[in-house]
Amino acid sequence: MTSMKFASLAARIERFPIAGSFTISRGAKTEAVTVVAEVSRDGLTGRGECVPYPRYGETPEATLAAIQAMQQAVADGLTRQALQASMLPGAARNALDCALIDLEAKATGLRAWNLLDRPVPGERTTAYTISLGTPEAMAAATARAAHRPLLKIKLGGDGDPERIMAVRKAASESELIVDANEAWTEANLAHNLAACAAVGVTLVEQPLPAGQDEALARIRRPLAVCADESVHDRNSLAPLRARYDAVNIKLDKTGGLTEALAMADAAQALGFEIMIGCMVATSLSMAPAMLVTPQARFVDLDGPLLLARDRDHALRYDDSLVYPPDASLWG
Ligand SMILES: CC(C)C[C@H](N)C(=O)N[C@H](CCOc1cc(O)cc2c1C(=O)N[C@@H]2C)C(=O)O
Ligand SMILES: [Mg+2]
């Protein structure tokens, strides 16, 4: 284990405009609000980025303060292993965990996947997200993206069967996955699932609100159902096995790449399919998530594709193909 003595920590909020806007069942966004942690030692700096999620009570200011509160611990030599027990899972620990891995990679001259003894990631097809809107608006946005092999369609409750039919007409060749972001109810669950199955949707993400999703264990699921808001880290996996076929792993939920990789191993052992997901964020958030892609059936790392501008040394995207990061970005 590399000693972290005499390290320093800096953190700040950084905002990136979204090209247009992005809408899900909980509302619309026009910018990505990220918090960046930088750990420096011996002239080297490791960086990590996170996105605080109001759904879990996180704000940019509180996340920044939580990272800054670790300053003394970092100066005293906090290791990545010790970090896991020092902070709760969530966005703040994610930024710090990824910054410590980036610094360790720079200090050892190893790429992050070699450092962590994981498979070398290759290029993968990412989902491309279609914002929630009227069936007509979603069909128009889908038509513009119909050349992409995998589309993630945001749904929102009333009128979802009409939305998904309109989308399918606009993209007959693409694989479709949908994300209801907790907007369905027990009353419309069977009808909405049937509408998705009828047009060949492969997977539905988080149809029911977290904590109110027991009905998923009682019905015959006509297509794969994936937990997002219901699942956080390894501890939340086992009770979900009867309700879900897949889990969406996001580093902002797990509190970093260290737990995300452990969670991916545990999820596979329990028989879940894996989606590696993201928030609206820059390439610096996507780069560590690329280490989970070798285990993932679905890669949902399109955050930067929705931004008006990304960071320097951004990940390479060729349409929907996303490539592993260059060391100049991360790891
Ligand atoms: C660019 C997409 C959003 C990335 C991904 N394909 C995706 O669908 N992720 C969503 C996460 C939704 O992101 C939200 C939701 C929200 O209510 C508030 C925010 C964000 C976000 O990224 N920033 C703000 C805080 C998913 O899988 O559910
Ligand atoms: Mg989701």
Visitor: What distance do Phe16 atom CZ and Leu284 atom CG have between them, rounded to the nearest 0.5 Å?
Guide: 8.5 Å
Visitor: Under 4.5 Å between any side-chain heavy atoms of Asp302 and Cys278, yes or no?
Guide: yes
Visitor: Can you name the closest pair of heavy atoms from Pro324 and Pro121 and give their distance?
Guide: CG-O, 3.2 Å
Visitor: Do Ile249 and Val231 come within less than 4.5 Å of each other through their side chains, counting heavy atoms only?
Guide: no
Visitor: Do Arg118 and Pro294 have side-chain heavy atoms sitting under 4.5 Å apart?
Guide: no
Visitor: Is there a side-chain hydrogen bond (donor to acceptor under 3.5 Å, both in side chains) between Asp97 and Gln84? Walk through the geometry before answering.
Guide: CA-CA 8 Å; Asp97 184 64; Gln84 311 308 314; 3.0 Å; yes
Visitor: State yes or no: do Leu291 and Leu251 share one hydrophobic cluster built from I, L, V, M, F, W and Y residues joined by side-chain heavy-atom distances below 4.5 Å, directly or via other members?
Guide: yes
Visitor: For Cys98, is there any backbone N or O sitting under 3.5 Å from a side-chain donor or acceptor partner on Arg80?
Guide: no
Visitor: Taking C-beta and beyond as the side chain, do Val225 and Leu203 meet within less than 4.5 Å on heavy atoms?
Guide: no
Visitor: I'd like to know if the side chain of Arg148 and the backbone of Asp319 have a donor-acceptor N/O pair within less than 3.5 Å.
Guide: yes
Visitor: Of the non-hydrogen atoms in Glu38 and Arg12, which two are nearest, and what is the gap between them?
Guide: OE2-NH2, 2.8 Å
Visitor: Is there a side-chain contact between Asn188 and Thr185, using heavy atoms and a 4.5 Å cut-off?
Guide: yes
Visitor: Spell out, as yes or no, whether a donor-acceptor pair under 3.5 Å connects the side chain of Asp213 to the backbone of Leu208.
Guide: no
Visitor: May I ask whether Val39 and Val35 are part of the same hydrophobic cluster, defined by side-chain heavy atoms of I, L, V, M, F, W, Y residues being less than 4.5 angstrom apart, directly or through others?
Guide: yes
Visitor: In Å, rounded to the nearest 0.5 Å, how long is the span from CD of Gln295 to CG of Leu261?
Guide: 7.0 Å
Visitor: If you draw the axis of the six-membered ring of Phe272, does the NZ or CZ of Arg241 fall within 45° of it and under 6.0 Å from the ring centre?
Guide: yes
Visitor: Report the C-alpha separation of Met286 and Val322 in whole Å, then their side-chain angles, then the decisive distance to 0.1 Å, and conclude whether the side chain to side chain contact (heavy atoms under 4.5 Å, CB included) test is met.
Guide: CA-CA 10 Å; Met286 310 300 133; Val322 54; 5.9 Å; no
Visitor: I'd like to know if the side chain of Arg124 and the backbone of Ala296 have a donor-acceptor N/O pair within less than 3.5 Å.
Guide: yes
Visitor: Calculate, to the nearest 0.5 Å, the distance between atoms CG and CZ belonging to Leu315 and Arg311 respectively.
Guide: 11.5 Å
Visitor: Report yes if some heavy atom in the side chain of Ile18 is under 4.5 Å from a heavy atom in the side chain of Leu307; otherwise report no.
Guide: yes
Visitor: Quick check: do Pro161 and His191 have side-chain heavy atoms less than 4.5 Å from each other?
Guide: yes
Visitor: Evaluate the criterion side-chain hydrogen bond (donor to acceptor under 3.5 Å, both in side chains) for residue pair Glu14 and Thr34; output intermediate values, then yes/no.
Guide: CA-CA 5 Å; Glu14 294 186 0; Thr34 71; 4.7 Å; no
Visitor: I'd like to check the side-chain contact (heavy atoms from CB on, under 4.5 Å) partners of Ser172; sequence neighbours left out, ordered by chain and number.
Guide: none
Visitor: Checking the side chain of Glu58 only, and the main-chain atoms of Tyr53 only, is there a donor and an acceptor separated by less than 3.5 Å?
Guide: yes
Visitor: Could you tell me whether a side-chain N or O of Arg163 sits under 3.5 Å from a main-chain N or O of Gly133, the two making a donor and an acceptor?
Guide: yes
Visitor: First locate atom CD of Glu186, then atom CG of Leu216, and finally report the distance between them rounded to the nearest 0.5 Å.
Guide: 8.5 Å
Visitor: Less than 4.5 Å apart, side chain to side chain, heavy atoms only: is that true for Pro149 and Ser320?
Guide: yes
Visitor: Kindly work out whether a path of hydrophobic side-chain contacts (I/L/V/M/F/W/Y, heavy atoms less than 4.5 Å apart) joins Leu270 to Leu240.
Guide: yes
Visitor: Determine whether Val178 and Val167 satisfy the following criterion, side chain to side chain contact (heavy atoms under 4.5 Å, CB included), listing intermediate values before the conclusion.
Guide: CA-CA 11 Å; Val178 310; Val167 161; over 6 Å; no
Visitor: Is there a path of hydrophobic side-chain contacts, each under 4.5 Å between heavy atoms of I, L, V, M, F, W or Y residues, that connects Leu223 with Leu150?
Guide: no
Visitor: Hey, does the side chain of Asp160 reach the backbone of Asn192 with a donor-acceptor pair shorter than 3.5 angstrom?
Guide: no
Visitor: Name the residue from Arg55, Gln206, Glu229, Glu205 that meets the side chain to side chain donor-acceptor pair (under 3.5 Å) definition with Asn181.
Guide: Glu229
Visitor: Give a yes or no answer on whether the side chain of Arg168 reaches the backbone of Cys196 with a donor-acceptor pair at less than 3.5 Å.
Guide: no
Visitor: Okay, side chain of Lys253, backbone of Asn248: is any donor-acceptor separation there less than 3.5 Å?
Guide: yes
Visitor: Distance-only check: which donor-acceptor pairs under 3.5 Å involve side-chain atoms of residues 138-146, not counting sequence neighbours?
Guide:
residue	atom	partner	partner atom	Å
Thr142	OG1	Met138	O	2.7

Visitor: Is Leu193 reachable from Ile177 through a run of I, L, V, M, F, W or Y residues, each pair having side-chain heavy atoms under 4.5 Å apart?
Guide: no
Visitor: Could you tell me the separation between the OH atom of Tyr128 and the CG atom of Asp300, rounded to the nearest 0.5 Å?
Guide: 12.5 Å
Visitor: If you compare all heavy atoms of Ala99 against all heavy atoms of Ala37, which two are closest, and at what distance to 0.1 Å?
Guide: CB-O, 3.7 Å
Visitor: Specify the closest pair of heavy atoms between Ser283 and Pro304, including all atoms of both residues, with the distance to one decimal.
Guide: N-CG, 3.7 Å
Visitor: Would you give the length of the straight line joining atom CZ of Arg111 to atom NZ of Lys106, rounded to the nearest 0.5 angstrom?
Guide: 9.5 Å
Visitor: State, to 0.1 Å, how close Arg47 and Leu329 come at their nearest heavy-atom pair, and which atoms those are.
Guide: NH2-O, 3.0 Å
Visitor: What verdict does the side chain to side chain contact (heavy atoms under 4.5 Å, CB included) test give for Asp245 and Glu273, after you've listed the backbone C-alpha separation in whole Å, the side-chain angles of each residue and the deciding distance to 0.1 Å?
Guide: CA-CA 6 Å; Asp245 308 289; Glu273 297 253 50; 5.7 Å; no
Visitor: Quick one: does Asn94's side chain have a donor or acceptor within less than 3.5 Å of a partner on Cys50's backbone?
Guide: no
Visitor: Ile101 and Trp330: side chain to side chain contact (heavy atoms under 4.5 Å, CB included), yes or no, with the steps?
Guide: CA-CA 9 Å; Ile101 294 171; Trp330 183 86; 3.7 Å; yes
Visitor: Should we count CG of Asp158 as having more than 12 external heavy atoms under 6.0 Å?
Guide: no
